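Structure first, then comments.
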There are 2 protein chains.
Amino acid sequence: MRLSLLSYALLGLLEQQPSSGYDLRKIFVQTPMWSYSDSPGAIYPALARLEKSGLIRGRVEASAGLRRRKVFRLTSAGTVELKKWLGKPVSREEVIRGMEELMLRFAFTERVLGSAAATQFLKDLEKALQSYVPTLREFLETQNEALPISGRLALESGIRGYESQLGWAKYAIAMYAERNKGGTSS
Amino acid sequence: MRLSLLSYALLGLLEQQPSSGYDLRKIFVQTPMWSYSDSPGAIYPALARLEKSGLIRGRVEASAGLRRRKVFRLTSAGTVELKKWLGKPVSREEVIRGMEELMLRFAFTERVLGSAAATQFLKDLEKALQSYVPTLREFLETQNEALPISGRLALESGIRGYESQLGWAKYAIAMYAERNKGGTSS
DNA sequence: CGATACATGTAAGAAGTTACATGATTGT
DNA sequence: ACAATCATGTAACTTCTTACATGTATCG
């Protein structure tokens, strides 16, 4: 089962708390999560698809006045699917495919799989980036002559982006190590 | 006229040199430009759309043996459209919408609009980022209590990405300043 | 009463994905 | 003869975008 990033984002948010489409949309509009799409024309159909495939279930709740709200919850199948997605290995290939999906996964990992899994995620990410960045640097150097200055710079920008992620991963690992000095996971 | 990023990428590459769909696809497959899609099912239809709207024109060239190649060139309307896109102001809104389009534009700007325009692009980008990053930092700090550690970290990662772009913009400005000590623009 | 916030949706169209189809030429 | 590479495309499907439609309740 392959879902869009938006669908996974919805699944992850619903795991945190049952919500209506309107509630969910507010989150997308008000936080940097807007990048997964904030339009009702994407969110409502995505919820309908998730319900049709049995990952969530909506129930109309006639709360205090107002129009009827349809509140969605994860089903057990939905929880399974979410865990399966979050548990996928963090490989170099995943990094190449794009950081967006990985960061979305990270945002939900601790809550759903526990802080040991979150730490593992970060370590795998660190390793993948450490292997990928030199490849890009090498590409830049071998193509150096062939590229115009703007091409070189555009590539440099991408590489710096990955390096920045690498720095962040180390920082995040340190944060978890710090916090877990006393407590245990999950 | 609104085109997809892939279409603009094709336009920009064709401005650099007339190419067949196959040539173009090789570029997408072999360089980090793959992120704009590397599948023939995207590239050929995109070229057909561009031709239909008069921005490029393809001519079958029966070169040495092999199957017929259809080589595309920008039309004057295509050049106009490309310049219009490249010339759009670099605003905070553009930054929020996403760095991908901006970096693609930068990669073509110098060649098409000259190095003065490229420098201006970088200065505008620097300004936009300098205004945007503190907004995000502020959001992070005000939400600090409400967010779980993984949420905070995910946001921190995004912010660092923008900071990295800011650092790059300064670096790129310095590179241009260095190079232009003797020569003039365009 | 009219504007605004709450709340859910649909319709038309654009553009991407994967997978397949087709065909010419070159190397083994 | 067969596989690999060159080269162009199509078909089915998925999902997003923009714009619109609909309706309730509250506030000034």
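Chain letters run A, B, ... following the sequence lines, proteins first, then strands; residues in each count from 1. Note that the structure is predicted; figures quoted are calculated from it, not measured.
- Within 4.0 Å of B:S39, counting heavy atoms only, lies at least one base atom of the nucleic acid.
- Rounding to whole angstrom units, CD of residue A:E61 and P of C:dC6 are separated by 18 Å.
- In this model, the phosphate group of D:dC13 is not approached by any side-chain N or O of A:R2 to a distance below 4.0 Å at OP1 or OP2.
- Distance A:L50 CG to D:dT14 P: 14 Å, rounded to the nearest Å.
- Nucleotide C:dA14 holds its P atom 17 Å from the CG atom of B:L5, rounded to whole Å.
- Considering only side-chain atoms of B:A42, the nucleotide from C:dG16, C:dT8, D:dT17 that sits closest is C:dG16.
- For the pair A:R25 CZ and C:dA5 P, the interatomic distance rounds to 13 Å; values are reported in whole Å.
- Nucleotide D:dG23 holds its C1' atom 13 Å from the OH atom of A:Y44, rounded to whole Å.
- In this structure, the nucleotide among D:dT8, C:dA7, D:dT17 sitting nearest to the side chain of B:R69 is D:dT8.
- An OP1 or OP2 oxygen of D:dT8 is reached within less than 4.0 angstrom by a side-chain nitrogen or oxygen of B:S20.
- For the pair B:K26 and A:S37, nearest-nucleotide mapping onto DNA chain D gives the more 5' position to B:K26.
- Across C:dT17, D:dA7, C:dC6, the shortest atom-to-atom separation from the side chain of A:Y22 is found for C:dC6.
- Using a 4.0 Å heavy-atom distance criterion, A:G21 is classed as a sugar-phosphate-only contact.
- A salt bridge links A:E126 to A:K170: at least one charged side-chain nitrogen sits closer than 4.0 Å to a carboxylate oxygen.
- Relative to the six-membered ring of A:Y171, B:R160 meets both conditions, a distance below 6.0 Å and an angle of at most 45° to the axis.
- Atom CD1 in A:I43 sits about 14 Å away from atom C1' in D:dT18, given to the nearest Å.
- Aromatic ring orientation, B:F108 versus B:W85: tilted (interplanar angle from 30° to 60°).
- Of the side-chain N and O atoms in A:S4, one or more sit less than 4.0 angstrom from OP1 or OP2 of D:dC16.
- The pair A:R105-A:E110 fails the salt-bridge criterion, with no side-chain N (NZ, NE, NH1 or NH2) lying under 4.0 Å from an Asp/Glu carboxylate O.
- Taking the ring centroids of B:W168 and B:F106, they lie under the 6.0 Å cut-off.
- Taking the side chain of B:K70 as heavy atoms from C-beta on, and the options C:dG16, D:dT8, D:dT17, the nearest nucleotide is D:dT8.
- Note on A:R68: every side-chain N or O is 4.0 Å or more away from OP1 and OP2 of C:dA7.
- Atom CG of A:D23 is separated from atom C1' of C:dA7 by 10 Å (rounded to the nearest Å).
- For B:P40, the side-chain atoms get nearest to D:dG9 when compared with the rest of D:dC16, C:dG16, D:dG9.
- The CZ-C1' distance, from B:F72 to D:dT8, rounds to 9 Å in whole Å.
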